[in-house]
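This report refers to the structure that appears directly beneath it.
Atoms within a ligand are numbered from 1 in the order they appear, just like the ligands themselves.
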Amino acid sequence: MSTTEKIQMKLSDSKSARWTALFIVSVTMMFGYFFTDVMSPLEPLLTAAKGAENGLGLGWSSDEYGFFSGAYGYFNVFLLLLFFGGLILDKFGIRFTGVLSTVLMFGGALVKWYAVGHEFGGSVVVPFFGTYSTQVVIAALGFAIYGVGCEICGITVSKVIVKWFTGHELALAMGVQVATARLGTAAALGFSLPFAKAMGGVSASIALGAVLLCAGVLVYLVYCVMDKKEDASAAAVATEPEEGFKFSDLGGLFKTTGFWYVAFLCLMFYAGVFPFLKFATKLMIFKYGVDANLAGLIPAMLPFGTIFLTPFFGSIYDKYGKGATLMIIGSCLLTLVHGVFALPLNSWVLAIVMMLILGVAFGLVPSAMWPSVPKIIPMKLLGTAYALIFYIQNIGLALIPVWIGKVNQANTGADGVIDYTETMTIFAAFGVIAIVISFLLLLEDKRKGYGLQQPNVKK
Ligand SMILES: C[C@H](NC(=O)[C@@H](N)CCCCN)C(=O)O
C-alpha cells in the first residue's frame with residue numbers, strides 16, 4: 001500500500017469524522033462555559049439585602065461576590081492543580097484527563113448548588129483574603145473545584161483539536177469550538193437572571209447548570225469512543241513512532257520567549273474580559289441606567305458577537321496568516337472599549353456599541369492566539385504548554401475579581417450606587433499592557449520565524 005493510501009486511512013483525515021469529534025467536545029465545553037458565568041448576571045440578587053427582591057436577595061457584599069467569583073481560579077493557581085492537569089494530560093492522555101475533568105466540573109457544581117440553596121450561620125476567616133459568610137465560602141469551594149475541572153477540560157479540548165485538525169482547518173476549528181463555548185456564556189448572561197426569578201431562587205439557575213454538566217460527562221464519554229478509533233487508525237498509518245513526553249523537555253518550553261509572550265498576553269487580555277463580565281450586569285444598571293431585568297442582555301451581546309467572529313477570524317488566519325496582527329488589533333480594541341467605559345458618558349446606546357466592539361476584540365485575539373501555540377511549541381508538550389498558559393491566565397481570573405470586588409466596595413456611595421471610574425480604568429490598563437505584549441510577540445516571531453504571520457492550511 002502506498003503512503004498516500006495509508007494517510008487516507010487515518011480517521012481524522014475524514015472531514016466528517018473530525019468535525020463530528022469537534023462538535024462533541026465543543027458541546028461539553030459549552031455546558032462548562034454556561035456554568036462558569038451562570039452567577040454573573042445574578043450579582044444584583046446575590047448582593048441585594050437578605051429577603052429583598054421578592055425574597056431572592058442573599059445579602060452578600062460586593063467584596064464577598066468578588067471573592068466568590070475569583071474562586072474559579074484559586075485551586076488552579078494556589079494548589080498548582082492546573083499545572084498538574086497539563087502534566088496528567090501529556091502523561092495519561094486525552095480520554096482519562098477529559099473524563100476526570102468533566103466529573104470534577106459536575107462535582108464542584110453540586111457543592112456550589114448545595115451552598116447557595118442552604119442557610120449557614122456565621123462566617124469564616126480566609127487567610128490573605130478576608131472574612132466571609134459560611135455560605136459564600138462553601139459556594140466558593142464548589143466553584144474552585146469546578147474551576148479545576150473546567151480549565152483541565154479546556155486544555156484537553158485544545159489538545160483534542162490540535163490532534164484532529166493539524167494540517168487541516170486548525171484555526172477555524174478552534175474558532176468554532178470557542179464560538180460554541182461562547183454560546184454557553186451568552187445563554188448564562190442572558191437567561192440566568194430571568195430563569196432564577198421565574199423559578200423563585202438563585203439556586204435554580206445553578207441546578208440547571210449542574211444538569212448540563214452531568215450531560216457533559218456523558219457527551220465526553222461518546223468522544224472517548226471516537227478518540228480510541230482515531231488512535232487505532234493513526235497507529236495503523238504511522239511511519240515513525242511519535243515522540244513521547246519527557247519531563248526533561250520542560251526546560252525547552254520554559255526557555256521559549258514566544259511562549260511567555262503568549263502566556264502574558266493571555267493573562268492581560270482575558271483579565272480585561274472574563275472578570276469584566278462578572279461585574280458588567282451591575283455596571284449596566286448603575287452606570288447606564290438599564291432596567292435590571294434587561295441589564296444582562298447587554299453583556300450577553302459580547303459572547304454572541306464572538307460566536308460568528310471567532311470562526312471568521314480563525315478562517316482568515318488559516319488562509320492568510322497575520323496571527324500576530326490580529327492579536328494587536330484585538331488588544332487595541334479592548335483598551336478603547338474599557339477607556340470609554342471609564343469616561344463620564346452614561347448613554348446605554350454607547351454601552352451597547354462598546355460591548356459590540358469588545359465582541360470584535362474577543363473574536364480577534366482568541367482566534368489567533370490559541371492556534372499560534374502549536375506553531376511555537378511541539379505537540380508532545382502541547383498539553384503542558386496550554387496548561388501553563390491557562391495557569392498564568394487563572395492568576396488573573398482568581399485575583400482580579402477579588403481586587404475589583406474590593407474596589408467596587410470602596411467606591412460604593414451611601415445610596416448603594418457604585419462609581420465605576422476606577423474599576424474601568426483598571427480594566428483599560430490591562431488592555432494597554434496587552435498591546436505592548438502583542439507587539440513584542442510580533443517582533444519575536446520575526447526573529448525566531450514561528451510562522452505566526454503565515455497561513456495554517458497547507459496548500
Ligand atoms: C479557549 C479559551 N479558554 C480559556 O481561556 C479558559 N482558560 C477560560 C475559560 C473561562 C470560561 N469562562 C477561551 O475561552 O477563549
Exercise for the section: For atom 8 (C) of ligand 1, grab the closest protein heavy atom and report residue, atom and distance to one decimal in Å. Expected result: Glu151 OE2, 3.2 Å
Practice task
Kindly check if the number of other-residue, nucleotide or ligand heavy atoms within 6.0 Å of CZ (Phe129) is above 12?
Solution key: yes
Exercise for the section: Taking only heavy atoms of Arg182 into account, list the atoms of ligand 1 that are under 4.0 Å away from them. Expected result: 13 (C), 14 (O), 15 (O)
Exercise for the section: Between Gln393 and ligand 1, find which residue part has any heavy-atom pair under 4.0 Å and reply side chain, backbone, both or neither. Expected result: side chain
Exercise for the section: Inspect the surroundings of NZ in Lys448 and state if more than 12 heavy atoms from other residues, nucleotides or ligands are less than 6.0 Å away. Expected result: yes
Handout entry: Distance-only N or O hit between ligand 1 and Thr185, under 3.5 Å
Key = no
Exercise for the section: Could you tell me which atoms of ligand 1, counted from 1 in the order shown, lie closer than 4.0 angstrom to a heavy atom of Phe274? Expected result: 8 (C), 10 (C), 12 (N), 14 (O)
Practice task
Assign the ring pair Phe35 / Tyr146 to parallel, tilted or perpendicular, where the plane angle (0 to 90°) is split at 30° and 60°.
Solution key: tilted
Problem - Which residues share a side chain to side chain contact (heavy atoms under 4.5 Å, CB included) with Val176, sequence neighbours left out - result: Trp19, Leu22, Leu172, Thr180, Pro311
Problem - Protein heavy atom at shortest distance from atom 15 (O) of ligand 1 - result: Tyr270 OH, 2.4 Å
Exercise for the section: May I ask you to establish whether Lys112 and Phe143 are in a cation-pi arrangement, using a distance under 6.0 Å from NZ or CZ to the six-membered ring centre and at most 45° from the ring axis? Expected result: yes
Handout entry: Trp113 CH2: over 12 foreign heavy atoms closer than 6.0 Å
Key = no
Exercise for the section: Give yes or no for whether the N/O distance cutoff of 3.5 Å, strictly under, is met between Gln177 and ligand 1. Expected result: no
Handout entry: ligand 1 N/O within reach of Tyr72 N/O, cut-off under 3.5 Å
Key = no
Problem - Geometric class of the Tyr65/Phe279 ring pair [parallel <30°, tilted 30-60°, perpendicular >60°] - result: perpendicular
Practice task
Among all protein heavy atoms, pick out the one at the shortest distance from atom 1 (C) of ligand 1; state its residue, atom name and that distance to 0.1 Å.
Solution key: Trp370 NE1, 3.5 Å
Practice task
Could you find the nearest protein heavy atom to atom 3 (N) of ligand 1 and give me its residue, atom name and distance?
Solution key: Tyr33 OH, 2.9 Å
Problem - Closest approach of any protein heavy atom to atom 12 (N) of ligand 1, naming residue and atom - result: Thr36 CG2, 3.4 Å
Exercise for the section: Return yes when atom CZ of Phe78 has more than 12 non-hydrogen atoms of other residues, nucleotides or ligands closer than 6.0 Å, and no otherwise. Expected result: yes
